[in-house]
Each structure stands twice: as C-alpha cells, then as structure tokens.
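Below: one structure, written as structure tokens.
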2 protein chains.
Amino acid sequence: MPTTSAAGDGRRPTLADVAARAGVSVALVSIVMRGAKGAGAATRERVLRAAEEIGYRPDTRARLLRSSRSRLLGVQFGLHHPFHTHLVEGIYAAAEPAGYQVALSAVAPSRGERQAVEALLADRCEALVLLGPEMPVARLADIAAQVPVVSVARRLRPAPPGVDVVRTADDEGARQAVDHLVALGHRAIVHIDGGRAPGAADRRRGYRTAMNRHGLSGHSRLLPGGLTEEDGARAARTLLAEGHRPSAVLAFNDRCATGVLDAFLRAGVGVPTEVSVVGFDDTRLARLAHIDLTTVAQDIPRLAELAVGRAIARLEGERDSETASGRETVIAPRLVVRGTTATP
Amino acid sequence: MPTTSAAGDGRRPTLADVAARAGVSVALVSIVMRGAKGAGAATRERVLRAAEEIGYRPDTRARLLRSSRSRLLGVQFGLHHPFHTHLVEGIYAAAEPAGYQVALSAVAPSRGERQAVEALLADRCEALVLLGPEMPVARLADIAAQVPVVSVARRLRPAPPGVDVVRTADDEGARQAVDHLVALGHRAIVHIDGGRAPGAADRRRGYRTAMNRHGLSGHSRLLPGGLTEEDGARAARTLLAEGHRPSAVLAFNDRCATGVLDAFLRAGVGVPTEVSVVGFDDTRLARLAHIDLTTVAQDIPRLAELAVGRAIARLEGERDSETASGRETVIAPRLVVRGTTATP
DNA sequence: TCCAGGCGCACCAGTTTCGCG
DNA sequence: GCGCGAAACTGGTGCGCCTGG
C-alpha cells in the first residue's frame, strides 16, 4: 500500500500525497504551492488540480519551521477593550497584504500579560506588537532582547533598545479638548483621568498645561477615574453629590465618558445643555447616534498600520539597527465635535 | 566554528545549543524539557541550568510538527462582540488546564468567517470552536469533514456529522423574560429581535409562544432590531414616534437593550417607571451599576467549559463516533432581575 | 541478569540548494 | 537557461539499542 492515499486514513493530505497524485516530486509541488518560479505551466496546472482534488492545505507550522523567517506577528491585546479590538482589526488589514500572519494573544482579568507574551514567543513570532502594555519597562526590555517589540499607545521614556513606540500625542489631544471647551465659554472644566493606564499621564499633563495657558489654573481639577463605564459613572456621581457641578467634563476615554453621560442623564442633568462632555479615542461607541459624543479621535487604522510598519521595518531593513535605541512615532489626534458639547 | 554557539548570531537557541552546553545528547535535553522520565537527577539539573543560561525556549511549532497531536484548539470569535470576548476568556480558562493551547482568529467587518477558519485550519488546529458562526450549514459540514467542530450559541437542526452544538435554551430565556413581565402586570410587551443572528429565531419563538400562553397573542409584536446599541436605539425611536408606547420591551441582547434604554432616557421616558426593559446575555455591561439591566443570563463560563469539553471529548475519546451525528448540549438560562423592570 | 540512564537515528511536512538533461 | 528531482535541512520527538553498576 502506497503511503500516498489521500483521504480515508484520517491523515490530512501532505505535499507527498499531492506529489504522488500528480506524478511529480515533492520539491516541485512545494514550488507550485508557493507560486515560486521553476515549474512549467502544464505541470503547474496538473499539480494545482491534484491539490484541489484531495483538499490539500499547506501546513503553516512545518513551513515556518524550515524557513528561517516565520513571517508571524504576535499581537497582545485587551480582550475587553474596544480601543484594542479596533486596533487588532487594523493590524490584520495591514499585516496580511504585507505577507505576514497575525497571532493573537489576549489579556483578560484571568490572563495576564506575562502569559500572553510567553504564548506568542513560544509560537516563534518574529516581532511583537503590544497594545497598551502595562508591564514594567524592564520586562519590555527583556522581551526586546529576544525579538523586536512595538508598544502601541504606551509611552516609554526612554524606550529601551529594540522597542519602538507608536502612539497618539495624548497631551495634544487633551489640549484640543480643553481649547474647544474654552472657546465655547467653559471655565470650570474637570478631567476624569485614567489613573495608571497607558496614556493617562500625558492626558493629565496636556489638560493641566492647557488650563494654565488659558489662565484657568484655579479651575483645574482632576478626579480619579479609569477605563470603564463604571469608573466614569462613579466619578460623575461624585460630582453630582458635591452640589456645584462643573460646566464641562473631559473623560479619559469614550467608555468612561459614556458612564459620565449616563449618570448625568439619570440625575436629570441635561447634556450638553447643562454640562458638556468630551471623550477620547473615537471608538464605534462615540459614533453611535444615541451617544453622539464629542471626542478626541485617535486614528486607529493609522496607528495599526504604523505599528505593523515599524515591526516589519525592524525585521526586513535596518539590520544594523537591531539594537538601536527605540524609535517613537507620534501621530496627531483630531477633535471630533458632535452633540455632547455646547456653550454653557 | 561549532554550530552550537548560544547567542550573538541572532538565532534563537535550540535543543542542540542546550545539549552542547550541558555536554549531553539532544534527545536527553528533549526528555528533560518535557519533564519525561529517563534522565538522572543530576543531569536533569545540569540541563535545566544550561537551558536557563542561554534563554532556551522550546519551539511549539516544531514540537507539534513531530507529534501527530497538536493539542491546539482553534477559536473563531467576533472581535467586537462582548458576548464572544467573554466566552474567549472562559475558553482560555478551560483549555489551558486541560493541556490545550488556544489559537484565536477574529471575525470583524473587514475579515470574514471564511478567512478566520482558513487561518485556523492552516495552523493545524485539531478542533474548531466557532462562536456564533453565521456561515451556511453546508460550509460547517465541509469543515467538520476535516476536523471536529463545536458551534457555540448557534443552533443547527439537524447538526451535520462532526458538529457539536453548545448553546443556551434561547426560547426558554425569552419565556422567562415574558413570564417575569407578565407577573409584574405588563401586557403590551414588544420584542426587538436579532434578525438573522444566531439564537434570534429561538428567542422570537420563545417570546411568541409565551405571549400566546398568557393569552396575549393580540399584544404580540415583533420589531426588527439587531445586535448593536444602534439597532436598539433605532427600534426604540420607532416606538416613540408611534405615540402609544408598549409598557415593556424585550431586547435581543444587552447591547441592544442599552440602546433602547438610552433612547428612552433621552426622550424623557422613565425606566422602569414608564417602560420596563429586559436584555439578554448578562454581559458585564448589564451589571454596571448605572445600567443595572434586568436580563436573561447565559452562563458564559459554563458554555465555554462545555464547548472545550465537547471538542476534547471528540479528540480523545469517542474514536468510533467521529462521524457520529452532532450532539447538542443545551443549558438553562436564568433571569436576573435588576433595576429596569417594575410594575407598569 | 536487570535496568536506569543515556545515545543515535528515523521521522514529522515542508523549503532550499544543487546538479542533471 | 529552463524544468525537474535528489537530498540536505529546519527543531523537536520517540523508538531501539548500548552500556555500566
């Protein structure tokens, strides 16, 4: 019995099966399947037909094993963060045309960044794209010693060798929001912040300096917030309980802003008639007609594209700069004015 | 120059590198790394130290290549669906202790189920767990001919050979919601449905039969909805425009219910004082204090656990039932009463 | 004589180099 | 120089075999 039976024995078909069926060598089938040159048109046709007939599907792992390159991009993302999931979508879109596969590894309450990264490294990813990593810089440096790393949305100063940063100018975004509110006539503007989340420090700084520049340092006020709707709602309830409301609120992100919105609505406080609210990120949430949130947009597709681009650049060019100090790419945010802001 | 230099040449260390450093054979290092028996304590110690020193990390792909088993579970999920991302978290939790790795493949507006499944198959996943698959049954059957498939939350009648189904009793969930509302005194109960989404048909049916059973068939009313906040908000606006509101709304899922909630709030319609609203899924969203949504809970951790369990059962036991007709596991939903329902 | 510890080698499914007609 | 095949190679696994106490 030949070792080349196609189906029936449970094994999935291999190159050898296709080769036997087409009456050619394994090497030739490999050439044809990759679309490489070195095969005649007629043979190529015959091989493809044979592959089709027995339902052959190349084995990624075996393929990667031989070629020194794996063309595999590891992506760590927060499973429950819309900002991350949108980035992931953009990463797929940027990586696949460039001939790179994407390996996802999720971070969730029950699964830490350590596990997520270990899994990606064990899978032989050539480079890692980490979305909003919260691990210590020393750990990032460790990882970067093994494989190029791109940190998205998390600023690092200074970036360790081998780590690139792609992020939005968070301080500038906060400034745009404050400028917009001040132009509308607001003075008492509160910032509900993101605590230790990536980007939060910059947004705080941007908020504070903008307030100062407008001579409103006396009105500057930071309220502890967070990344979730619940954090925003809690902060808003704190404000409501105090009696004297601010006239505007800049929330850490859209989820947080949504919580703020909801708490105000429930308390009968009109938005934007009595309070203006600004979010950050411009996720799908903000665009929903019933939310219609004024927000600072991050250009998510572009962030994704740049992150993939940086990773690939490290892998394909820049051979001598492998240990070069990290490079930082900062893109501009853009205020999107919608329905939650108005004159006081 | 030996082929066994550890670092410096950019290559990541292999078994051979560790072997050379520890002065033993490759086979022995393999044994030690796997924790298999057949190595002495002292040698084991020496090998582990050598591996540690040069930062050796086993290559999953090469390992899987050799062993016929890949112990890899492929999971297709909707990147932007909270219900799915929660399931993914549960799947990690169930798979890793059982010694299975998880390979994620996302479905997004820009990435269809076809691509998602192709990627998983190319990665040599041993079984596929598909979350709320929307592909045609024939396609599911095709895939199941290659590898065991578990469909989560999507009912199939009949399930093709090789496809198991794990789902919540959606009709029963809708019934519980209607019973609850009727017990509170509601009669005009509208269902904003999920169109062609997995589970939507069953929820519609459950709603209708429950209404009939209560003698309310005259009040039965279906409104086209969908899975997102926007869909819910749109449907709610339709209701508001009509002038005569229903006294209660059963939404397809929590996201949809949130949209309904928001539209009502904006129109100044009190919930639950003027209208009661019920969701479905009990995602984190529903539990947020400021949403506090009465909803039909799906036991997500259990669904995840069962899905993984079914996949593993196909792989490890049941050898003779490989082509057995699909098995269906249905678990009970549970109504969680929170703050969005009250007597009319 | 037994057997634990350790080694060599074939093998997994591809890719790549080289040489031949 | 084109079309093709033989064989080496990728990193790790598992079997058979050898050795010494």
Check your understanding: Just by distance, do the side chain of A:Arg310 and the backbone of A:Leu306 share a donor-acceptor pair under 3.5 Å?
Key -> no
Check your understanding: Any side-chain N or O of B:Ser25 less than 4.0 Å from the OP1 or OP2 oxygen of C:dC7?
Key -> yes
Practice item. For the residue pair B:Arg61 and A:Thr60, confirm or rule out a side-chain donor-acceptor distance under 3.5 Å. Key: no
Check your understanding: Does any N or O in the side chain of A:Arg12 come within less than 3.5 Å of the main-chain N or O of A:Arg57, such that one atom is a donor and the other an acceptor?
Key -> yes
Check your understanding: Roughly how far, to the nearest 0.5 Å, is CG of B:Leu120 from CG of B:Leu72?
Key -> 8.5 Å
Review point. Whole-Å distance between C:dA13 C1' and B:Arg63 CZ?
Key: 18 Å
Check your understanding: Taking atom C1' of C:dT16 as reference, at what distance in whole Å does atom CG of A:Leu65 sit?
Key -> 13 Å
Exercise for review: Check each residue of residues 26-51 of chain A for a non-hydrogen atom within less than 4.0 Å of any atom in DNA chain C, then write out the ones that pass by number, or none.
Suggested key: A:Ala27, A:Ser30, A:Arg34
Check your understanding: Using the C1' atoms of five pairs at each end, what's the angle between the two axes of the helix from C:dC2-D:dG21 to C:dG21-D:dC2, to 10 degrees?
Key -> 50°
Practice item. Check whether any side-chain heavy atom of B:Ile31 lies under 4.5 Å from a side-chain heavy atom of B:Val29, and answer yes or no. Key: no
Exercise for review: Can you tell me the distance, in whole Å, between the CG atom of A:Asp59 and the C1' atom of C:dG14?
Suggested key: 7 Å
Revision key, fill the gap. Rounded to whole Å, the CG-P distance (A:Leu64 to C:dG14) equals 11 Å
Exercise for review: Would you grab the first and last nucleotide of DNA chain D (5' to 3') that comes under 4.0 Å of any non-hydrogen atom in chain A?
Suggested key: D:dG3 to D:dG11
Exercise for review: Indicate yes or no: does B:Arg157 engage B:Glu328 in a salt bridge with an N to O separation below 4.0 Å.
Suggested key: no
Review point. Is a salt bridge present between B:Arg71 and B:Glu96, judged by a nitrogen-to-oxygen distance below 4.0 Å?
Key: no
Check your understanding: Rounding to a whole Å, what distance do you find between B:Arg61:CZ and C:dT15:P?
Key -> 14 Å
Review point. With a 4.0 Å cut-off, would you call B:Arg124 and A:Asp59 a salt bridge?
Key: yes
Exercise for review: May I ask you to test the A:Asp123-B:Gln101 pair for a side-chain heavy-atom distance under 4.5 Å?
Suggested key: yes
Exercise for review: Answer yes or no: is there a donor N or O on one side and an acceptor on the other, between the side chain of B:Glu113 and the main chain of B:Glu134, under 3.5 Å?
Suggested key: yes
Exercise for review: Mark yes or no for whether A:Arg111, through its side chain, and A:Ser105, through its backbone, hold a donor-acceptor pair below 3.5 Å.
Suggested key: no
